[in-house]
Number of protein chains: 2
Amino acid sequence: MLSLDSHTQYLNRLKDNGLKLTPRRQAIIHLFMGSAVHLTPEEVWKKLHQQFEKCGLPSVYRNLESLVECGILARIQLADRKKHYGLCTVGHEHHHHHITCIKCGRVDEISDCPLTNITEINGYQVLNHFLQMSGICSHCLEN
Amino acid sequence: MLSLDSHTQYLNRLKDNGLKLTPRRQAIIHLFMGSAVHLTPEEVWKKLHQQFEKCGLPSVYRNLESLVECGILARIQLADRKKHYGLCTVGHEHHHHHITCIKCGRVDEISDCPLTNITEINGYQVLNHFLQMSGICSHCLEN
DNA sequence: ATAATAAACAGAAAAAGTTTCTATTTAGGA
DNA sequence: TCCTAAATAGAAACTTTTTCTGTTTATTAT
C-alpha cells in the first residue's frame, strides 16, 4: 500500500539531486510504485509505450540509472543477463526478499529480512542488499 | 590452498554426472583451483589459449555451465554485464558473497556469511542463497 | 587394441541486451 | 517569455552470449 506522500517524496528527491521532473521519470516512478516488485528496462519501456507514443529505450536506460543515483531505485542482479530495478531499498516499506522452491518453482516472500540491521561491513557503508534464497517448500517436503 | 584430493574429487564428480573428462574441462577446473576467486568466461578463455592453440569461446561457455550443473562451479552475479563463475557454493569452503561500491564499482568479498545458520524459513528447507550487497566503500566515504 | 557412438569441439554467424552518438526538444530558472 | 543545460528519439555501434554446422575426441563395448 503506497501513499501519495511517498510518491511526492520521490519526486522531491529528483529535485534535490538536480534532476528534472520529466513526464517519463514521473511515469517510471509511478510504474514502480503501482505495480511490480522489480522490472527490467525493457519491461519499463513496454509499459511506457502505452502512455507515450514516442519513447526511446535509451531514455529508459538513462532514467533508470538516474533514479538509482538519487536513491529512488535499486539495481538488482538476477540470474539472467538483463538488468533489474526495483523500489526494494533497505528501509523502504516494501523491502523484502524471495525464496524459490527448486522442486515446484513456487516463489514466496521472506518478510522478515535477516539483514536489515547490517549497516556496515568490510568498511563499507551498506546502502542496499539483495537476497535470494532457494530450497524446498513445505508442500514439496511432505511428498 | 587446495589439495590434490579435492581436484580428483571434482574430476570424479564429472564422471558421476555422465560428463566426459576432457582436457579443456580439466584445465578449467585446474584454473579455478589454482588462481582467482571468480572468473568471467572471457578470462577463462584467455587463460586456456595459453595451453590450447585451438580453443573456442563457445566451448568455454558450455563447459562453465556444465560445471555449474554438476556442482563444481557456482554462477555469481556481479554488477557488470558479464557472467562470473567461482568455486563458491554453500557448504563449500569458498562460500562467500560480494559487496559492490555504487560510486567506484569496486567489488569486495564478504567472507563472513551472515546467513549460513539459516536452514529453515517460511516453511522452506533452505538449501542455497545468493546475497549481494551494495554501498559506499571506505575509500569513497573519505572523499 | 580397435571400432562405434555420443558428447565435445571450433569457427562462423546470429541474437540479445546495452551504450554511444547526433540532432532535436523540453523543463526550470532568469 | 527567453535562455540554457538537461533530456529525448532514433539510429547505429558495441559487448556479451547463444545457436548452428560440420568435425574431432573421450569413452564404452568389442
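Residue numbering restarts at 1 for every chain, and letters A, B, ... go by the order of the sequence lines. Computed from a predicted model, the values in this text were never measured in an experiment.
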Residue whose nearest DNA chain C nucleotide is more 5′ - E53(B) or G18(B): G18(B)

Among dT18(D), dT26(C), dT27(D), the nucleotide that comes nearest once only the side chain of K20(A) is considered: dT26(C)

Worked verdict on E43(A) versus K47(A) for salt bridge (Lys or Arg N to Asp or Glu O under 4.0 Å): CA-CA 6 Å; E43(A) 286 166 343; K47(A) 288 278 184 183; over 6 Å; no

R25(B) side-chain N/O to K20(B) backbone N/O, donor-acceptor pair under 3.5 Å: yes

Criterion side-chain contact (heavy atoms from CB on, under 4.5 Å) on L131(B) and C113(B), from CA distance to verdict: CA-CA 9 Å; L131(B) 171 64; C113(B) 172; 5.6 Å; no

Touch class at under 4.0 angstrom, heavy-atom based, for K54(A) against every strand present: sugar-phosphate

Selection from dT16(D), dA8(C), dA7(D) that lies nearest to any side-chain heavy atom of R62(A): dA7(D)

Candidates dT16(D), dT19(D), dG17(C) - which lies nearest the side chain of P58(B): dT19(D)

Sugar-phosphate, base or nothing in reach of P23(B), heavy atoms under 4.0 Å: sugar-phosphate

Phosphate-side-chain proximity, R25(A) and dA7(D), N/O vs OP1/OP2 below 4.0 Å: yes

Any side-chain donor near an acceptor of the partner, Q26(A) and Y10(A), under 3.5 Å: no

Short side-chain N/O contact to dA7(D) OP1/OP2 from S59(A), under 4.0 Å: no

